[in-house]
Every structure is written in structure tokens, then in C-alpha cells.
Amino acid sequence: MESASMLYEGSKLSVEVTDGIAVLCFDAREASVNKFDQATIDDLNQAAQALAHADDVKGLLVKSAKPAFIVGADIMEFGERFKASEDEMREWMADANRMFSTIEDLNFPSVTAINGMALGGGLEMCLSTDYRVMGEKAQIGFPETKLGIYPGFGGTVRTPRLIGADNAIEWIADGNPRRADKAFKAGMVDAVVAEDELEAAARDLLKRAIAGEFDWQARKAEKKAPLKLNKTEAAMTFQTSKGFVLGQTKGMYPAPIEAIDRMAKAAGMDRDAAIKEETEGFIKLAKTTEAAALIQLFLNDQLIKKKGKKYGKIAHTIEQAAVLGAGIMGGGIAYQSAYKGVPILMKDIKEEAIDQGLEEAAKHFSKGVERGKMDTAKMAEGMSRIRPTLTYGDFGNVDAVIEAVVENPKIKKSVLAETEEKVSDKTIVASNTSSISIDSLAADLKRPENFLGMHFFNPVHKMPLVEVIKGEKSSEEAIATIVDYAHRLGKTPIVVNDCPGFLVNRILFPYFFGFQQLITDGADFAKIDKVMEKFGWPMGPAYLSDVVGMDTSQHVEEVLAEGYPDRMAQDGTSSLDVMVENGRLGQKSGSGYYKYEKDKKGRPKKTQDDKAYELVASVQKDGQKDIEADEIIDRMMIPMIIEAARALEEGIAETPNEVDMGLIMGLGFPPFRGGALKYADAQGLATVCDKADQYSHLGKLYEPTERMREMAANGETYYGQ
Ligand SMILES: NC(=O)c1ccc[n+]([C@@H]2O[C@H](COP(=O)([O-])OP(=O)(O)OC[C@H]3O[C@@H](n4cnc5c(N)ncnc54)[C@H](O)[C@@H]3O)[C@@H](O)[C@H]2O)c1
């Protein structure tokens, strides 16, 4: 028996040879995960060279010493790399691809043992070996299209050659990870075994390949040859899937389309030519504003998570929560808390409200059962975590109370004062108010340090954002505890300072004001909806007004007009006012800008309604006018950008990252545009200011701040790039 010898040792991985078997082990020093950063690529390059020149190696086993194989690329580092020139990028990618091809071309068999997770470049690493054995709990996938790019280390080349073009397109275009059973079925891996048998199974497979039981040369050859598709089949496959993906992405996300196009072009090519094709598409995508925006979102998310972790250190754990009000929001909060495992008392003053709240929760749980997410026992367990009550009897033991009673300052104040008497002096009390100042609600409280805002969005179980509103006197512990609770509910909390409209509604309503002015000037609201949906919003402003409810919108408008009279006080009657006067409150009343009828599944279906046009005409003094799409976009988006800038300047949110994430998660701002501030960066602040000046006659909502003008003059951006 020979002794082990170290063939290569770097800071990210090592290669040790024992009895002719080389084990390449990813184990990044002083890090909790393996990721593909430049240092790993450098190490792997050297390891690949050492393997190619070793004369005592008969087979290669690739594995990881971390709980996850490789989690993917280092996005922070690669994002920077995308700013290099095209030639530099081409060189860098050729270098990385040579390394994977060197591994693929080794003249002995190779197997990867995949544990935990192999994503993006991690999965491309696995594909460069001849065989893959996967732990049954592991997941693999290509998340690149979610970042506006696609796999660029041979992923679009090796995947279709291994599992066929149809499967490859699905894996690459949707960006979702797959569990072991799916991966095996598709043919991405050759075996799935229990985690504790992984290495032994991979070694066994390797030994059998070395012994000639498996035709590993054929495996290599298959991945290096053109795709096994004739021209007609290829045309069918690629054209059909392109049509499907275009339908899904509405043409707003170029990455999956580019992936399909390049795979189609490279179908008849051998590996090396196909990789060149892949590189060209990758470089093109890396330079798009969509990729820049989506990569920034990933980084924003990380920043928010990092802040969340910091808060986690001083948060009190909530063992028992309570919600006041079993209405739309209270019921939703109770369900979400119960679903996520935090017991909650649900108090209302009306028996019927409680019954309705429980019914809502049961409906959501049942849907989970229908979809196979849980069984009936789990549903019963979940429901038992909601304890309905009409009294404060058990409030002495609750760690946090979320107040979600009607939006009336007087009622809220009295309910909060009452609550303070019933809970312990450590209990955190948060209001889900959507518009009332947190400081004003805190004014008469005995323990304002324990009080703050926790603003959920409707519907609670679907909307990912929670605004955590810091009052002047809210303690850091109170903030941390509510941030932590939001995390436990599966939400993304963004901490903001108190101001009228808080962060999200304050920035949304200037957009709505832009909408109302467009209507007054004669624009067709249905056209505005179409234009803004094409811009990327999930629904246009007229439709959104209908969904939010006209009375609710009107109420928030009043709050904002009072808070920012210089720019948000409106003169004259808007089409929204006319709708309210005529009882057209939107979806909930059956009509607003559109008419709603129930479809077969009982969901509201919107149709055009002449009556709405008649009513709208009453505010269009100069009649109807066809306004161009570009003007519509600018008149809607400029007030939003400027208000976002103001909120940042006033420190309502700490960073542009949080402002933008708030808009994306709270409002559905088009993610591929990265949020209002990222969108401003993409246009350039000078352009934004110039455009705003063209509309200065529309009022102060179109007036850039001094700081914006200064940034425009200095060529600065919000994200400092
Ligand atoms: N609906 C939304 O889209 C939305 C979104 C975000 C925030 N909010 C805010 O959430 C809060 C609740 O809104 P909603 O839409 O759920 O209202 P809702 O009218 O559906 O529910 C309010 C509930 O509070 C109950 N209630 C009244 N006084 C009470 C008291 N003293 N003790 C206990 N319960 C009492 C009522 O019986 C009712 O069931 C409001 O502050 C609202 O502004 C609403």
C-alpha cells in the first residue's frame, strides 16, 4: 500500500493522492462555505494542471469538506468583474473554462460527490467530471438567470449534452434548484445515496470506472460532441421553449432568452466552439442594466440579512405573541405567526370578526394541505397555535402584541393605553397602522420605549415586506425584537424612521399623484395601465387603485397632503375623488376604474366599464388626449424617484439599498430595474433632473432636490458605481 502524497495544496482546496486515487477537496480556509471566487479559480487552475501532469493517478474524486459542496459564485467579486472591458472578460472566462476543460480531459475517470448544495459555478464544477453521486438531501441548480446572467463556465454547453436540450432549458431558464430525485430523473446525476454513504458510493463508482466496468471515455466524448438533435428537432425545441419563456417573462428578462439562443446556436458545435459561443452571450448579458439591477438586489438582500443578524443578537425571543383585531390584517398576521410556529392570541371585540379571522386562517392552512405542503395533523397543530379571545385575560404572558384594529387614531390610542395596562413591562407593543405617526401614537404611552410600528402589507401571507418603524423613543431592543419576529414570520423587515406614509406609501403616492394628473390632462387610464405594465409593474396604477380600494387610497392621500402640504396637497377634484363619490371603491365594491365579475374560480375578473370613462371625463376639462408612452412613464416615475431621494436624504431609510428593496418587496417595483434609485442611476441623475425640469410646471413633486442636482453635476450615483 502506497502512502498518501499531497499533489496540490492551496487556501481553497487541496489534492491528495492515495493508491492512485486523487481526492480534490474544496475546503476554503477560514470560511464557512466554499464559493467560486478568484482565489478558488486560481487554486483550481493549478490543481487541474497538477492533475494533468501527474503520472501516478488513475482516477479523480471531487468532494467538499464543508456542509455544502459549493454555494455558487462570489457575486460581490464577480459583479465587479463585469465592469471590466469585453476583452478582459473574454480572457478571464477563457482561462476559467480552460481549467474546467482540463479536468474534463484528464485521461482517467472522475466522479464528484455532491453534498449539501452545488449551485451555479459549483454545479458547473460537478459537470466537468464524468460522473456525479448526490446526497439525498442535497440540491443542485443554476440560479444565474435570477441575476440577469446565465451559467458561463460551460453550464449551457455540458447540460444539454448531458440531459438533452429540453431539460437543460428548463434548468437554466427558471433558475430554480432541484432536489436529488429530480436531478436523478433528469440525468444530471448518476446516483443518489444517503449522506453518510456519499463518499463511499462515489469511491466505489470511481473504482469500477477505473476497472473498466463503465465506459467513462464515452461519457467525456458525449459532453464534447455536438448535441444529438437533428435540425428539425432542434428548431422545434428551441423555438417552442423560447416562445414559452417569452410569455412568462414578457420580454423583460433577457437572460433566459439569450441562454436559449446561444444553446441553439451552439447545438451543432463541439465543446470548445460551444464554450466560445457561451462566453459571448455571457459577456453581453453581464453588461445589461437588468443584470446590474438584479445583482444589486442580491447584494441588497445580503445587506438586509446582515443587519437582521446584528439585531438578532439583542432581540428577545417571542414565545407567545398576540394580535389585536381579527380583521383582514389581524387575521392574516395570526395565520402567518401560527403557520411559522409562533403561538398567537387573537383578540377582537366582535365574535363574528373572530370567527371570520379563524375561517381565513383555516382557508390558508387547507390550501397548504391541498398543495401537499402539510398534512391535516400539521394543519390542526397550526390552527391550535391561534387562540381566539374577547378579553385581555392571558395578555400578562405575551412577549409582543401587534395592534391591527381600525385605522382611527382615537381608537388606536385608547386600545394601546388599555393594552399597556394588561401586559408586562417587558412586552413589546407594535402598531400595524398604515398611516398614523408612531410618535403621535406613543405620546401618551407609559412605556414608549417598548412601542414601535410593524407595518405589514396586504395580503400578509403573500407580501414579503414588513416596515419596522422606529419611534423617537423606541428602544433598540424593541426594534431588534420586532425585526427578529418578522424574520421568524418569513418576512423581510426594513427598519425605517417615522414620517407620514413611512417609507413605502410615502414613495408610492407621488406616483399615484402623477397618475391623477395624467388623467386630468386627458390621458386614458387603461392606456396608462398598459404602458406601466409594459414598463414592468405587475399591475398599472388604475388597476392597483382598484385593488387597494379608493377609500383607502383617499385616506392615505389625506394623510400625505397634511404631512407634505408643499407638494402633496391637491387642488381640484381628482378622478379618485369622483370614484369615491360614486361609490366605486374598486374591486371590493365590484367597480372602480374597471368593473369586476367573478370568474369560474370565484376570483374577480376585470373588464372595461363605460361608466368609469364617463365619470373620469368629468375631471378632464380639455377632453381626452393621447399621451405618448415615454411621457406617461416619465410623469409617473419622476415623482417616485424624487420622493425616494428625499426619503433617503432625510434618513427615513439608512441606505439606497433599503429604499429600493422596500419598493420592490412592498409594491412590486419591477425587480429588473432594481428600485427607484437604481433606475435613476441607470438613467443618470443628470438625465433624471433634465426630464424633471421639463415637467416643472406640474408642481413640486417634479422638483429634484438640491442634493440630486449636486449629484447630477458631479456624475455621482446612489450605488456609487
Ligand atoms: N387592509 C390593508 O390593506 C392594510 C394594510 C396595511 C395596514 N393596514 C392597517 O391595519 C389595521 C387594520 O386594518 P384591517 O384592514 O385589518 O381592518 P379591518 O376593519 O378588517 O379589521 C379591524 C378589526 O379590528 C377590530 N377592532 C376594533 N376595535 C377593536 C378593539 N378595541 N380591540 C380589538 N379589536 C378591535 C374590528 O372588530 C375589526 O375586526 C389598520 O390600522 C390599517 O390601516 C391595513
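Remember, predicted model here, so these are calculated numbers, not experimental data. Remember, it's 1-based here, ligands and their atoms both numbered in the order they're listed.
Given atom 31 (N) of ligand 1, the protein heavy atom at minimum distance is V415 CG2, 3.1 Å. If you check which protein heavy atom lies closest to atom 20 (O) of ligand 1, you get I328 N, 3.1 Å. What sits closest to atom 38 (C) of ligand 1 on the protein, heavy atoms only, is D348 OD2, 3.6 Å.
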Applying side chain to side chain contact (heavy atoms under 4.5 Å, CB included) to E477 and E449, what does each step give before you reach the verdict?
CA-CA 9 Å; E477 271 168 81; E449 66 279 9; over 6 Å; no
Working for side chain to side chain contact (heavy atoms under 4.5 Å, CB included), residues F669 and L508:
CA-CA 10 Å; F669 191 105; L508 170 65; over 6 Å; no
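Take R567 and apply the salt bridge (Lys or Arg N to Asp or Glu O under 4.0 Å) test, not counting sequence neighbours, and it matches E643. Residues meeting the ring pair (Phe, Tyr, Trp, His ring centres under 6.0 Å) test with Y613, sequence neighbours left out: F525.
Contacts of F456 with ligand 1, taken as heavy-atom pairs under 4.0 Å, involve the backbone alone. Counting heavy atoms closer than 4.0 Å to ligand 1, residue A353 contributes side-chain atoms (C-beta onward) but none from N, CA, C or O.
Residue Q356 places no heavy atom under 4.0 Å from ligand 1. Assignment of K412 to the shell around ligand 1 is supported, since a heavy atom sits closer than 4.0 Å.
If you check each of E407, M346, M329 against atom 14 (P) of ligand 1, the one with the closest non-hydrogen atom is M329. The option from A404, G330, G325, G357 that lies nearest to atom 22 (C) of ligand 1, judged by heavy atoms, is A404. Of the candidates V504, T552, N432, the one placing a heavy atom closest to atom 10 (O) of ligand 1 is N432. Comparing heavy-atom distances from atom 19 (O) of ligand 1 across V406, L324, N505 singles out V406 as nearest.
Ring orientation note: the planes of Y335 and H364 are tilted relative to one another, at an angle of 30° to 60°.
Using a 4.5 Å cut-off on side-chain heavy atoms (C-beta onward), W537 and M636 make no contact.
Atoms of ligand 1 lying under 4.0 Å from any heavy atom of G327, numbered from 1 in the order shown and given with element: 16 (O), 20 (O), 21 (O), 23 (C), 39 (O).
Evaluated for a side-chain contact (heavy atoms from CB on, under 4.5 Å) with I627, the options V531, I528, L518 yield exactly one hit, L518.
For atom 17 (O) of ligand 1, no protein non-hydrogen atom is found at a distance below 4.0 Å.
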